[in-house]
Number of protein chains: 2
Amino acid sequence: MNKKSYENFFINFANKTRLGIILCLKEKKMNVGEIVKKVGEEQSKVSHNLKQLSDCHIVNVEKNGKERIYSLNKKTVLPLLRLVEKHVKCNCSEKCKFCQKVYVI
Amino acid sequence: MNKKSYENFFINFANKTRLGIILCLKEKKMNVGEIVKKVGEEQSKVSHNLKQLSDCHIVNVEKNGKERIYSLNKKTVLPLLRLVEKHVKCNCSEKCKFCQKVYVI
DNA sequence: AACACATATGAATTATATTTCATATGAATA
DNA sequence: TATTCATATGAAATATAATTCATATGTGTT
């Protein structure tokens with residue numbers, strides 16, 4: 001796999017709005033309206049970001065009448081998030097002058 | 001852990017230059033000059049990006065005289081990259097009209 | 001001490017990504 | 001079929017990140 005592919009994958013997780021959506025879908029699948037309510041962001045903003053996430057298969061969509069139900073690709077995302085948590089736990093201490101800026105420990 | 005921490009972690013991998021550095025350090029530890037040569041980017045650009053990576057403990061630094069030797073945090077990075085490769089293999093087919101744009105399969 | 005080499009850094013510039021706003025689409029319903 | 005509801009979409013505006021350039025710092029050497 002090449003650089004650009006990795007980049008395109010990680011971009012999904014390098015943004016506040018999309019992370020909000022991702023973390024909110026950890027609990028359960030939701031339609032757009034529910035996500036909008038939960039994350040407290042504008043509908044079109046959420047839709048734009050959902051599109052990006054689903055293009056990359058980070059989330060999946062199913063239609064139900066006029067609503068669309070989004071669910072998290074847990075097989076990829078859960079281990080990914082766990083890896084990050086482990087990273088912070090293992091590498092980042094309060095003593096490090098950057099860790100406090102970078103990660104909320 | 002909170003949204004911002006995840007974001008700060010993933011930002012390291014969501015950029016061409018930093019990914020170039022990361023992939024190049026998979027092979028072996030290198031000083032800045034060697035990295036610059038290998039990735040073919042400007043020295044100050046590489047340094048700025050190395051700083052970001054090391055602030056987040058994605059790479060580690062050791063001093064040796066006037067040179068600084070950077071090495072990859074393989075414990076975090078190798079499983080992370082493997083996860084992405086698996087994701088693409090499992091979810092992204094040539095049939096999908098976005099996969100070709102998003103990932104080079 | 002003066003110099004050269006390796007690397008880092010700050011600030012301005014430039015590039016890129018994200019959001020916003022207005023509007024379109026498509027499904028259900030009166 | 002006109003209307004409403006849920007969601008998507010394009011393009012302009014804005015925000016954010018990355019690069020560049022000039023220069024600083026630190027270490028070893030003459």
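Order of the sequence lines fixes the chain letters, A, B, ..., with proteins taken first and strands second; residue numbering starts at 1 for each chain.
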Contacts under 3.5 Å, N or O only, protein and nucleotides 13-15 of chain D:
none

Could you run down the sub-3.5 Å N/O contacts of the protein with nucleotides 19-23 of chain D?
| residue | atom | partner | partner atom | Å |
| --- | --- | --- | --- | --- |
| D:dT19 | OP1 | B:Thr17 | OG1 | 2.7 |
| D:dT19 | OP1 | B:Lys45 | NZ | 3.4 |
| D:dT19 | OP2 | B:Asn49 | ND2 | 3.0 |
| D:dT20 | OP2 | B:Glu42 | OE2 | 3.4 |
| D:dT20 | O4 | B:His48 | NE2 | 3.0 |
| D:dC21 | N4 | B:Ser44 | OG | 3.1 |

Measure [atom1]/[X] against [atom2]/[N] and give the value in whole Å, please.
X	N	atom1	atom2	answer
B:Asn12	D:dA17	CG	P	12 Å
A:Leu53	C:dT18	CG	P	11 Å
B:Glu34	C:dA6	CD	P	11 Å
A:Glu7	C:dT16	CD	C1'	10 Å
B:Asp55	C:dA8	CG	C1'	12 Å
A:Leu50	C:dT18	CG	P	14 Å
A:Lys51	C:dT19	NZ	C1'	17 Å
B:Ile11	D:dA18	CD1	P	7 Å

**Report entry** Check: A:Gln52 and A:Ile11 side chains under 4.5 Å, non-hydrogen atoms
**Finding:**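 Yes, side chains in contact.
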Query raised in the report: Quick one: does B:Cys90's side chain get under 4.5 Å of A:Lys75's, heavy atoms only?
Result: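 The answer is no; the side chains never approach within 4.5 Å.
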Would you please name every residue forming a side-chain hydrogen bond (donor to acceptor under 3.5 Å, both in side chains) with [X], sequence neighbours left out?
X	answer
B:Ser47	B:Gln43
B:Ser54	none
A:Tyr6	B:Glu85

Query raised in the report: Which residue pairs pass the ring-ring contact (aromatic ring centres under 6.0 Å, His included) test when at least one of the two sits in residues 10-31 of chain A, sequence neighbours left out?
Result: A:Phe9-A:Phe13, A:Phe10-B:Phe13, A:Phe13-B:Phe10
Query - side chain to side chain contact (heavy atoms under 4.5 Å, CB included) evaluation trace for B:Leu81 with B:Lys26 - result: CA-CA 11 Å; B:Leu81 297 182; B:Lys26 269 179 82 175; 4.0 Å; yes
Query raised in the report: Using a distance-only test with no angle check, is there a side-chain donor-acceptor pair under 3.5 angstrom linking A:Ser5 and A:Asn2?
Result: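 Per modelled atom types, A:Ser5 and A:Asn2 side chains form a pair under 3.5 Å.
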Please table the atom pairs, donor to acceptor, closer than 3.5 Å between any side-chain atom in residues 97-105 of chain A and protein atoms at least two apart or in another chain.
| residue | atom | partner | partner atom | Å |
| --- | --- | --- | --- | --- |
| A:Gln100 | NE2 | A:Glu94 | O | 2.8 |
| A:Gln100 | NE2 | A:Cys96 | O | 2.6 |
| A:Tyr103 | OH | B:Cys56 | O | 3.1 |

Query raised in the report: Near DNA chain D, under 4.0 Å by heavy atom, which residues of residues 20-32 of chain B?
Result: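 Hits under 4.0 Å, by residue number: none.
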Report summary line: Letter by letter from the 5' end, nucleotides 25-30 of chain D scores (B base, S sugar-phosphate only, - none; protein heavy atoms under 4.0 Å) --BS--
Can you list, pair by pair, the side-chain donor-acceptor contacts under 3.5 Å of residues 57-66 of chain B, counting residues two or more places apart and other chains?
| residue | atom | partner | partner atom | Å |
| --- | --- | --- | --- | --- |
| B:Glu62 | OE2 | B:Lys29 | NZ | 2.5 |
| B:Asn64 | ND2 | B:Glu67 | OE2 | 3.1 |

**Report entry** Phosphate OP1/OP2 of D:dA8: any A:Tyr70 side-chain N/O under 4.0 Å
**Finding:**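 Yes, A:Tyr70 has a side-chain N/O under 4.0 Å of OP1/OP2 on D:dA8.
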Query raised in the report: Touch check for A:Gln52, heavy atoms < 4.0 angstrom, all strands: base, sugar-phosphate only, or nothing?
Result: sugar-phosphate
Query raised in the report: When you look at B:Arg82 and B:Leu78, which way does the side chain to side chain contact (heavy atoms under 4.5 Å, CB included) test go after all the steps?
Result: CA-CA 6 Å; B:Arg82 263 187 255 118; B:Leu78 295 187; 3.8 Å; yes
Query raised in the report: Under the salt bridge (charged side-chain N to carboxylate O under 4.0 Å, His left out) rule, what pairs show up with a residue in residues 36-60 of chain A, not counting sequence neighbours?
Result: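 Every pair satisfying salt bridge (charged side-chain N to carboxylate O under 4.0 Å, His left out) with a residue in residues 36-60 of chain A: A:Glu27-A:Lys38, A:Glu41-A:Lys45, A:Lys51-A:Asp55.
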**Report entry** salt bridge (charged side-chain N to carboxylate O under 4.0 Å, His left out): pairs with one or both residues in residues 1-19 of chain A, sequence neighbours excluded
**Finding:**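 Every salt bridge (charged side-chain N to carboxylate O under 4.0 Å, His left out) pair that includes a residue of residues 1-19 of chain A, provided the two are not neighbours, is A:Lys4-A:Glu7.
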**Report entry** Smallest separation among heavy atoms of B:Thr76 and A:His87, with atom names
**Finding:**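 Residues B:Thr76 and A:His87, closest heavy atoms: OG1-ND1, 2.7 Å.
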